[in-house]
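The first residue of the sequence shown is numbered 1, and numbering continues consecutively from there.
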Amino acid sequence: PAGTGDPLNGYYQILQSPGYIVLLMEVFHDARIIPLDGSPHLSDSIRQWHGDSRGRWDGNTLVIDTTNLSSKSNFLGSAENLHIVERITRTAPDMIDYEVTLTDPSTWITPWTALIRLTQLKTKIYEYACHEGNRAMNGILAAARAEEKAVAEADKGRE
């Protein structure tokens with residue numbers, strides 16, 4: 001797994017098999033399966049929530065080209081006209097530069113790029129779950145025990 005050091009945004013795992021790369025995101029339980037076989041993008045009439053991704057190697061950099069996002073998708077106001085180019089480069093044994101360029105002339109005047117440095121982590125990816133209830137559990141149980149105690153004392157008073 002790799003991450004930015006921000007456990008609230010979860011971790012990423014990159015898996016490679018013959019002909020495919022899989023990008024697994026812990027937070028959204030999302031696995032993007034990206035072919036590396038040089039096949040063309042799907043027809044423009046076929047739209048998907050996360051678009052249609054195709055990968056290729058440019059030296060030691062994995063380049064992922066994504067088009068065909070659904071009109072129901074939404075990334076900072078962009079949807080079906082969004083074109084995403086991701087570049088993933090190992091810069092050290094435990095470091096990866098993740099660079100993404102976003103283009104959508106109907107949303108932004110010019111394409112823009114962001115770079116995120118990911119650090120390899122010696123941890124496992126677990127099922128992501130919202131923990132508000134777990135953090136509040138002490139208070140919830142204390143209140144329940146107080147109610148039970150009040151009912152028991154009231155019952156004793158009636159005997």
So that I can tick it off, tell me whether [Y] and [X] are bridged by a salt bridge, with the cut-off set at under 4.0 angstrom between side-chain N and carboxylate O.
X      : Y      : value
Glu153 : Lys156 : no
Glu86  : Arg32  : yes
Arg87  : Asp58  : yes

Between [X] and [Y], is there a donor-acceptor pair closer than 3.5 Å when you use the side chain of the first and the backbone of the second?
X     : Y      : answer
Arg90 : Asn60  : no
Asn68 : Gly51  : no
Arg47 : Glu80  : yes
Asp94 : Leu121 : no
Ser43 : Ser45  : yes
Ser53 : Thr66  : no

Would you sort out whether His83 and Thr67 count as a side-chain hydrogen bond (donor to acceptor under 3.5 Å, both in side chains), showing the intermediate values?
-> CA-CA 5 Å; His83 180 206; Thr67 61; over 6 Å; no

Is any side-chain heavy atom of [Y] closer than 4.5 Å to one of [X]?
X     : Y      : result
Arg54 : His41  : yes
Leu15 : Gln13  : yes
Asp30 : His50  : yes
Val85 : Val100 : no
Asp97 : Ile88  : no
Leu76 : Thr107 : no
Leu24 : Tyr12  : no
Ile84 : Thr101 : no

At their closest point, which heavy atom of Ala79 faces which heavy atom of Ser70, and how far apart are they?
-> CB-O, 3.8 Å

Trp57/Leu62 under side chain to side chain contact (heavy atoms under 4.5 Å, CB included): CA gap, chis, key distance, verdict = CA-CA 5 Å; Trp57 288 100; Leu62 173 64; 3.7 Å; yes

Do the side chains of Ile96 and Leu36 join up, straight or via other hydrophobic residues, at under 4.5 Å, putting them in one cluster?
-> yes

Check whether Leu141 and Val151 end up in the same hydrophobic cluster, where Ile, Leu, Val, Met, Phe, Trp and Tyr are linked by side-chain heavy atoms less than 4.5 Å apart.
-> no

Worked verdict on Thr113 versus Leu115 for side chain to side chain contact (heavy atoms under 4.5 Å, CB included) = CA-CA 7 Å; Thr113 301; Leu115 173 67; 5.9 Å; no

Trp112 vs Phe75 aromatic rings, parallel, tilted or perpendicular, using cut-offs 30° and 60°?
-> parallel

Atom pair [atom1]/[atom2] of [X] and [Y] - distance to nearest 0.5 Å:
X      : Y     : atom1 : atom2 : answer
Leu42  : Gln48 : CG    : CD    : 5.5 Å
Ile116 : Tyr98 : CD1   : OH    : 6.5 Å
Asn74  : Leu82 : CG    : CG    : 10.0 Å

Take Ile21 and Ile14 through the side chain to side chain contact (heavy atoms under 4.5 Å, CB included) test and state the conclusion after the steps.
-> CA-CA 7 Å; Ile21 290 286; Ile14 301 171; 4.3 Å; yes

Where do Leu102 and Trp108 land on the side chain to side chain contact (heavy atoms under 4.5 Å, CB included) test, with the steps shown first?
-> CA-CA 9 Å; Leu102 300 128; Trp108 304 295; 4.0 Å; yes

